[in-house]
Amino acid sequence: MNFDEFGLSDAILQAIRESGYETPTPIQAQAIPVALMGRDILGCAQTGTGKTASFVLPMIEALSTGRSRARMPRALILEPTRELAAQVAENFEKYGKHLKLTHALLIGGEFMTEQLKTLERGVDVLIATPGRLIDMYERGKIMMSDVKIFVIDESDRMLDMGFIPDVEKIASRLPSLRQTMLFSATMPPEIKRLADQFLMNPKTISVAPPASPAETVEQRKIFCQARDKRTVLRQLMRAEEIVNAIVFCNRKRDIDVLVKSLVTSGFNAAALHGDMAQYLRTETLAKFKSGEIDILIASDVAARGLDIVTVGHVFNFDVPYHPDDYVHRIGRTGRAGRSGKSFTLVTDDDAKSIAGIERLIKRDIPELKLSDVAGGRSAEDAGPTEAAEDERPSRPRRERSARSGERSERGERGKRRSSKTAEAVEAPEAAEAEAAPEPVEAEAAAPVEPPAPPAPAKPARAAKPARAARPSPRREQSDRQDSRDAPARGRQGFRTEHPADIPGPQSFGEDNTPAFLLRPTRKVAASQAS
Ligand code: AMP
């Protein structure tokens, strides 16, 4: 089968050719003809199968006739995360570039005023995360009475993230005469129930997941102590020829610590997590895609579904709690037939999680001994523990390959630029969280990593939180949480003094009043003399 057989317009076929696609993927071959008939679809497919084009292409075809009206979109696509929504918007632009269709991206963390202006002009397609959409709807900024095509993408992720009540609320506000397409990688009972509730006589289409990452990604696990993780990660990174990599952490608060530690050691790294303002997430991702940043330290949610074809390495700084997340994580590399490598750091506490992963992927992940890492030593030999390493003041950048060295410099310049922007931009809404909260990112469930030795003997003064453009309440909360949990360290990890160690203020009293305070001022002396 090829794309010409679907009966799509020339403008769309040309865009497909320009995208370099030769033949439809299995989900496209099955879904596009059904969608073009206007029938509801229940699609069981995950990212990487080409499912986005399977609903965007017929949607563009259907919308190419007719006109949009102000604040009344004709199609609505719901995505669980801002990044996925942005990715779908990119697809929409790519496939619709020879047509005059318009779209709006309605995601939390972006300026609402800009989004409102776009809506006022009239858009054909609204691509939204549920929280922001409900917010706009309840403020009376959008009318959904003209929506004829409704897509619920990544439904199982919506479920994981607690968005199903929002999805139900949105669906109940749409006209009942519409086409609905629901996609999900898995079909748990809650998603089946959602499908029964909102789809009418759907065609069920199920495709095999894309080639399992197990086949294209060289996976290794490394056993180490929790306190040595950062040392081991650096050791691995130095031993590998890294062009770019994503490092996954289970907890958001560990991400910033790790970024700081890697940057101090000369790596060109940046954070990507759900507490960052959206414009920073977008900027960081763009820099990573362009090669300005080599290493992304990410949370599962922020990096989910990212379509970056050329990620060479994935490091699991923490073993994910859900085996599915392991597959998603390592699936960021080894894409589009390329090979990739993944390394997972495993501590004694991770026995259960790693066993669950190996059960899911139906194979043992081969172990890599640290002593076998090129130029490596075992963690025990590695000298100072990471606590000690982190207390060292900033060291000069390490020697790296000419190419990555050059990139690091660019990255540094970029970083300086971006930090300026961060300070300059007033972000009343950039910091605004989604109306429905961003997912928990395993914070709550995360077991606490043993603190780096030596443990602080006394409660310490909290480290000063990093300066940020008007932090959101959630950000403040996590900062507070971080400062409670942080061992007694100030800048550069140096131990700070406990308030009790600092002499308190003394009252002067009669005996302590310094002599200069008892000397009469000139004015007083003059009045006494006269
Ligand atoms: P998706 O599953 O929609 O996230 O798509 C995964 C990747 O497959 C994206 O990078 C698409 O550009 C690409 N893709 C989609 N359809 C095709 C196709 N027919 N041929 C080749 N690549 C495709």
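Values reported hereafter were calculated over all heavy atoms of this structure, with side chains retained and with hydrogens, waters and symmetry mates removed. Heads up: numbering here begins at 1 and tracks the sequence. Each ligand, and each atom within it, is numbered from 1 in the order the structure gives.
- When the heavy atoms of Phe55, Tyr21, Phe183, Tyr95 are ranked by distance to atom 22 (N) of ligand 1, first place goes to Tyr21.
- Within ligand 1, counting atoms from 1 as listed, the ones closer than 4.0 Å to a heavy atom of Phe3 are 19 (N).
- The salt bridge (charged side-chain N to carboxylate O under 4.0 Å, His left out) test with Lys252 singles out one residue from Asp318, Asp300, Asp275, and that residue is Asp275.
- For Gly50, a nitrogen or oxygen atom sits less than 3.5 Å from a nitrogen or oxygen atom of ligand 1, counting backbone and side chain alike.
- Distances from ligand 1 to the non-hydrogen atoms of Glu22 include no value under 4.0 Å.
- With ligand atoms numbered from 1 in the order given, ligand 1 contributes 17 (C), 18 (C), 19 (N) to contacts under 4.0 Å with heavy atoms of Thr25.
- At a heavy-atom distance under 4.0 Å, only backbone atoms of Thr23 (N, CA, C or O) approach ligand 1.
- Residues satisfying the ring pair (Phe, Tyr, Trp, His ring centres under 6.0 Å) criterion with Tyr326, sequence neighbours excluded, are absent altogether.
- The proximity of Glu90 to ligand 1, defined as any non-hydrogen pair under 4.0 Å, does not occur for either the backbone or the side chain.
- Geometrically, ligand 1 and Thr52 share a nitrogen or oxygen pair separated by less than 3.5 Å.
- Note on ligand 1: Ile27 sits outside its first shell, no heavy atom being nearer than 4.0 Å.
- The shortest distance between side-chain heavy atoms of Ile330 and Asn316 falls below 4.5 Å.
- Using cut-offs of 30° and 60° on the angle between ring planes, the pair Phe183 and Phe55 is tilted.
- Gln87 places none of its side-chain heavy atoms less than 4.5 Å from the side chain of Glu79.
- A side-chain donor from one of Tyr95 and Asn91 sits under 3.5 Å from a side-chain acceptor of the other.
- Relative orientation of the Phe6 and Phe3 rings is perpendicular, given thresholds of 30° and 60° on the angle between their planes.
- Of all atoms in ligand 1, listed by their number and element, those nearer than 4.0 Å to a heavy atom of Lys94 are 12 (O).
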